[in-house]
2 protein chains.
Amino acid sequence: MNNQQFERPIMKTLSIKDIAVKAGVSITTVSFIINGKAKEKSISEAVIKKVEKIIKESGYKPNQIARSLRTGNSNIIGLIIEDISNSFFSRIARLIEDKAYKKGYKIIYSSTENNVDKAKELINMFKSRKVDGYIISPTMGIEEDIQVLLADNKPVILFDRNLSGVDTNYVGADHFKASYQSIESFIKKGKKKIALVTTDIDVEQIIERFEGYKQALVDNNIPYAEELVLKIQFNQDEAETIEEMKKLFLSKDIDAVLFATNYLAISGLKTLKQLNKKVGDEFSVIAYDDHEIFELHTPSISAVQQPLEEIAETVIQLILNQLSSKSKLENQKVIIPAKLIER
Amino acid sequence: MNNQQFERPIMKTLSIKDIAVKAGVSITTVSFIINGKAKEKSISEAVIKKVEKIIKESGYKPNQIARSLRTGNSNIIGLIIEDISNSFFSRIARLIEDKAYKKGYKIIYSSTENNVDKAKELINMFKSRKVDGYIISPTMGIEEDIQVLLADNKPVILFDRNLSGVDTNYVGADHFKASYQSIESFIKKGKKKIALVTTDIDVEQIIERFEGYKQALVDNNIPYAEELVLKIQFNQDEAETIEEMKKLFLSKDIDAVLFATNYLAISGLKTLKQLNKKVGDEFSVIAYDDHEIFELHTPSISAVQQPLEEIAETVIQLILNQLSSKSKLENQKVIIPAKLIER
DNA sequence: AAAAGTTGTTAAAACGTTTTACCAATACTT
DNA sequence: AAGTATTGGTAAAACGTTTTAACAACTTTT
């Protein structure tokens with residue numbers, strides 16, 4: 001690498017003081033004008049105009065850091081998700097970002113990779129950056145940290161998965177029901193040997209999907225058989241996942257399978273492709289969480305579609321309510337129905 | 001909504017002063033210890049131990065806002081991308097985040113939606129938040145804003161697409177060559193009527209793909225025909241895009257098509273599905289930017305794969321170098337080869 | 001024995017805001 | 001004419017750090 005060096009010219013950035021001096025008024029006056037308190041503080045129209053003109057011309061932007069230090073809030077919302085490269089999360093993130101942005105809030109996000117330590121660290125980092133509120137798709141084990149946030153009176157909205165130990169806001173889909181309905185749709189088609197491929201992480205939404213699966217079987221007089229449930233280790237290498245699935249698909253005379261997450265479904269489709277086994281009348285598949293792939297696949301794959309837009313909207317609504325209210329609002333759990341898209 | 005109210009208990013967060021008082025030393029001493037300058041400032045071993053113990057026990061975390069205000073930097077890198085819900089960007093973002101994180105830097109990201117005004121706004125927001133450096137996949141029209149950042153001596157790394165007007169660092173794939181090779185691979189298979197579906201946005205990487213397409217044709221004595229190039233308006237409704245593609249695919253006796261972006265390829269596959277036209281020997285397809293869909297599609301779709309890992313690594317390397325150097329380093333343009341994955 | 005270092009520590013300024021409390025001058029009431 | 005509001009504005013404290021410059025008390029060098 002070529003390390004030829006240049007001198008660093010120093011360009012002083014403008015401060016409120018510079019504006020005040022230029023306008024011949026006090027810092028206070030400028031501050032009032034910037035913050036829209038000019039009327040309230042009865043600053044004369046002439047002064048307002050003059051200061052605003054100078055601000056516009058000079059391109060002055062208040063230092064948000066100083067502002068945050070003084071006011072104690074940052075207009076930033078921390079978003080903690082499992083993995084931004086998962087399309088479910090990236091799409092939610094995008095929606096949340098858009099909506100927050102329109103209300104003057106910015107988002108800092110980070111991925112936990114479903115790792116408790118990283119999640120805790122992220123919460124700490126956000127805390128020391130004084131974010132105004134938290135939107136979290138939690139991992140197990142951060143209950144206490146969330147309690148601390150709540151004790152500190154910060155708004156916290158959990159989404160996608162609830163944390164049974166903590167009493168806070170939650171927005172998520174009705175996973176039990178969606179799972180139940182998926183299985184019922186299999187049964188209506190005459191399926192008998194219905195498998196479930198799920199992950200081994202113990203989070204509420206995964207458990208619910210599992211429960212929905214079991215309950216639907218039982219309610220329809222099909223005995224629940226443990227060997228038809230494959231639990232894939234989280235973060236396991238995809239090749240290994242495919243091997244495990246192959247075993248399942250080959251050994252039992254399975255005629256339908258519900259995948260509890262979209263990435264598992266994708267691995268499942270890869271598995272089927274390798275086995276040269278076609279999805280169709282004798283072998284039905286439903287994926288949990290829709291994905292562009294499923295629509296395009298030949299044949300198209302049915303999927304449970306979570307109402308992303310609605311989830312994002314609710315999440316942002318809840319947090320903004322909390323942020324604008326001086327007192328703590330009562331916690332809400334919002335369960336939104338998910339939709340089975342049959343293809 | 002139930003607005004039952006609770007009182008907000010106030011829990012004072014610890015400051016360095018609290019620690020100093022508790023330890024019976026000055027704030028300065030605590031600060032030195034926190035910042036690893038204890039040795040250098042010859043603080044006694046006993047005091048160091050005592051203060052560290054108190055810090056650990058109390059769970060004190062320095063207020064990063066105050067720290068930023070004082071030092072003028074934030075340990076935050078701003079990442080500006082086109083759209084986090086596009087898998088190319090979300091995967092890059094994730095890699096960059098991971099790598100930055102390991103070096104003690106945090107990432108704030110935001111999407112521009114390829115909108116100049118939003119991009120400018122984001123730069124301003126990052127500026128007022130005093131981010132230490134910028135990683136940007138730029139839109140046209142923000143050249144000046146970037147110049148301002150550079151004049152202010154902030155490290156800026158562009159990626160994915162270069163901005164011809166600005167002299168700064170850039171990391172991207174060799175789009176011209178990858179496109180050229182894709183077309184050549186078509187020609188080797190005996191294709192004659194090769195179409196290009198691209199977008200109308202005038203960014204360098206798109207133009208390069210177009211140039212590669214043209215050049216490969218010319219070099220192989222196939223006349224370039226304007227009517228075989230379809231430029232899709234950015235952000236256009238997908239239904240309309242599909243209509244336009246239908247027209248193209250039906251009207252000319254096209255035997256191969258290169259899609260200049262992965263989302264266009266996905267729309268293209270949907271179009272073909274609707275037309276009941278199969279990808280295969282008589283109709284070849286290559287997508288630019290790989291996507292899980294392409295591997296899984298029946299038949300599998302060839303794609304140009306950008307070396308995400310390498311791009312992310314280079315980007316982060318460049319920016320960290322700049323950040324740790326007190327003087328400005330010479331700008332670098334790093335072009336990384338992209339790989340055509342034939343499926 | 002005076003000068004020069006070293007060791008261990010600290011007071012106070014500075015970063016750029018917001019906000020409280022206050023002031024001066026004029027206008028309105030009584 | 002005295003008191004009271006209103007208008008238009010400001011000085012200074014505070015937010016929680018980092019860092020500079022200094023100091024006291026020793027120790028070593030001359």
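Lettering of chains follows the sequences in order, A, B, ..., and the numbering in each one begins at 1.
Per the geometry, CD belonging to B:E45 stands 14 Å off P belonging to C:dT7, to the nearest Å. To the nearest angstrom, P of D:dG16 lies 15 Å from NZ of A:K127. Across the protein-nucleic acid pair, B:E40 atom CD and C:dT9 atom C1' stand 15 Å apart, rounded to whole Å. Atom pair B:K39:NZ and C:dG8:C1' shows a separation of 14 Å (rounding to whole Å applied). In this structure, B:N75 atom CG and D:dT18 atom C1' are separated by 14 Å, rounded to whole Å. When rounded to the nearest whole Å, the span between NZ of A:K17 and P of D:dT10 equals 15 Å. Rounded to whole Å, the distance from CZ on B:R129 to P on C:dC15 is 21 Å. Here D:dG16 presents its P atom at 11 Å from CD1 of B:I16, a figure rounded to the nearest Å.
Proximity of A:T29 to the phosphate of D:dT10: a side-chain N or O atom is located under 4.0 Å from OP1 or OP2. One finds no side-chain N or O of A:S68 lying less than 4.0 angstrom from the OP1 or OP2 phosphate oxygen of D:dC15. Within the structure, every side-chain polar atom (N or O) of B:T28 is placed at least 4.0 Å from both OP1 and OP2 of C:dT9.
Note: B:Y134 and B:F126 have tilted aromatic rings, judged against thresholds of 30 and 60 degrees for the angle between ring planes.
The base of C:dT18 lies close enough to the side chain of A:R70 for a donor and an acceptor atom to sit less than 3.5 Å apart.
Side chain of A:S74 to backbone of A:K130: a donor-acceptor contact under 3.5 angstrom is found. Side chain of B:N35 to main chain of B:S31: a donor-acceptor pair is present (N/O by atom type, distance under 3.5 Å, no hydrogens or angles).
Using a 4.0 Å heavy-atom distance criterion, A:T71 is classed as a sugar-phosphate-only contact. The residue A:I34 sits apart from the nucleic acid: no heavy atom pair falls under 4.0 Å. B:K37 comes within 4.0 angstrom of sugar-phosphate atoms only, judged by non-hydrogen atoms across all strands, and of no base. Contacts of A:S42 with the nucleic acid, taken as non-hydrogen atoms under 4.0 Å apart, include base atoms.
Checked against A:Y60 for a side chain to side chain contact (heavy atoms under 4.5 Å, CB included), the options A:I54, A:I16, A:D18 give a single hit: A:I16. Checked options B:I77, B:V315, B:I81; the residue passing with B:I96 is B:V315 (criterion: side chain to side chain contact (heavy atoms under 4.5 Å, CB included)).
Listed in residue order, the members of residues 53-67 of chain B having a heavy atom less than 4.0 Å from DNA chain D are B:Y60, B:P62, B:N63, B:A66, B:R67.
Remark on DNA chain C: of its neighbouring residues B:I43 and A:K41, the 5'-side contact belongs to B:I43, judged by nearest-heavy-atom nucleotide.
Contact check on A:E113 versus B:R94 returns a salt bridge, with a Lys/Arg side-chain nitrogen under 4.0 Å from an Asp/Glu carboxylate oxygen.
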Apply side-chain hydrogen bond (donor to acceptor under 3.5 Å, both in side chains) to A:E143 and A:Q147, showing your working. CA-CA 6 Å; A:E143 291 83 351; A:Q147 294 291 11; over 6 Å; no

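Under the rule for a salt bridge (charged side-chain N to carboxylate O under 4.0 Å, His left out), B:E144 has no partner lying at least two apart in sequence or in another chain.
The side chain of B:V47 has C:dT9 as its nearest neighbour among D:dT17, C:dT9, D:dA11.
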